[in-house]
Amino acid sequence: MSVRQASLRWPVTDGIEERVIGQRVVDVTRRAKYLIIKLEKGSILVHLGMSGSLRVVEPKAEWRKHDHIEVSFGNGAVLRYHDPRRFGSWLWSLGDHHQLMHLGPEPLLSEFSGEHLWKRSRGRKIAVKPFIMDNKVVVGVGNIYASEALFRSGIRPDRSAGRVSRKRYDVLAGHIKDVLKAAIDQGGTTLRDFVNSSGEPGYFQQTLSVYGRGGKQCVVCDSVLREIRLGQRSSVFCPTCQR
DNA sequence: ACACTAACCTGCAAGC
DNA sequence: TGCTTGCAGGTTAGTG
């Protein structure tokens, strides 16, 4: 492994290059937005942030701007990590996976449900949008998908999480699952410089009803979509369809 | 315990 | 045209 730029979201774990030498890859899994590359005596936790990508390149391929890390395998393959905004991370973990310990359920599993959201939100005053974006509540729901799921559910993003009914949380959990599945089917949402592992953009942005459409007309009722800020994130909603 | 803000970084777009 | 400013994204440390 060779680290050219160690200054990512967090500093790349000191000494990671030496620690991985000679170790076999035992398994590759995922938890939340972390890729877990399990070696014989520990794991590499890779997060792509918002602009990170992994690509297999020719051995000795020239380093492009924003290529920060590469891993050379025993069979000659070379994996290159590219990340213009450096919001990703490469951390070495000895099994405890400190970063992953307090995460909520995966959104596409049955443990994530309206009941879960309802239980976790009782007594909470936080707005429902930052609530569902909280990794301790459920993982994987970023700003785009939170905005779209709330629109489909008819829930205003600034409503108190504790004041959303059990029934509406059932609806919301269903839409979160649907929005995520649809986005995955369409290869993700391309904002500016995103590309997938084949270098292709995603197409889900063609399906967005509210995200990035502040001031435009609601696709359902033609009202002007409102844009507010919640937890430093822009939040667009329809004042007529969402209550 | 909870709510909220700032910070990390770069490229792009809007405004002057 | 060229400069400056603000925003986007995911996550967590820090403050109240």
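Throughout, protein chains are lettered first and strands after them, A, B, ... in sequence-line order, and every chain is numbered starting at 1. Note that the coordinates shown come from a computational prediction; the quantities given were computed from them, not determined experimentally.
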Any [X] side-chain N or O less than 4.0 Å from OP1/OP2 of [N]:
X	N	answer
A/His66	B/dT10	no
A/Ser7	B/dC9	yes
A/Arg9	C/dT12	no
A/Ser51	B/dC9	no
A/Arg86	C/dG10	no

With DNA chain B as reference, determine whether A/Lys125 or A/Phe87 sits nearer its 5' end, using the nearest nucleotide of each.
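Mapping each residue to its closest nucleotide by heavy atoms, the 5'-most match is A/Lys125.
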Distance in angstrom units between [X] [atom1] and [N] [atom2], rounded:
X	N	atom1	atom2	answer
A/Asp83	C/dG10	CG	C1'	11 Å
A/Met133	C/dT11	CE	C1'	10 Å
A/Arg233	C/dC7	CZ	P	12 Å
A/Leu100	C/dG10	CG	C1'	14 Å
A/Asn143	C/dT11	CG	P	12 Å
A/Leu103	C/dG10	CG	C1'	12 Å
A/Ile144	C/dC7	CD1	P	18 Å
A/Lys136	B/dA1	NZ	C1'	11 Å

Looking only at N and O atoms, is any donor in the side chain of A/Arg85 or the base of C/dG10 less than 3.5 Å from an acceptor on the other one?
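Result: no qualifying N/O pair found.
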Options [options], nucleotide nearest the side-chain atoms of [X]:
X	options	value
A/Gln232	B/dC8, B/dT5, C/dA8	B/dT5
A/Ile126	C/dG10, B/dC9, B/dA3	B/dA3
A/Arg229	B/dG11, C/dA8, C/dG10	C/dA8

Are [X] and [Y] within salt-bridge range, i.e. N to O under 4.0 Å?
X	Y	result
A/Asp170	A/Arg166	yes
A/Arg213	A/Glu227	no
A/Arg152	A/Glu148	no
A/Lys177	A/Glu106	no

Is the number of heavy atoms from other residues, nucleotides or ligands under 6.0 Å of A/Asp178 CG greater than 12?
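More than 12 within 6.0 Å, yes.
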Reckon [X] touches a base, only the sugar-phosphate, or nothing at all at heavy-atom distances under 4.0 Å?
X	result
A/Lys65	sugar-phosphate
A/Gly142	sugar-phosphate
A/Arg124	sugar-phosphate

Look at the aromatic rings of A/His68 and A/Tyr81 and report parallel, tilted or perpendicular, splitting at 30° and 60°.
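It falls in the tilted class, 30° to 60°.
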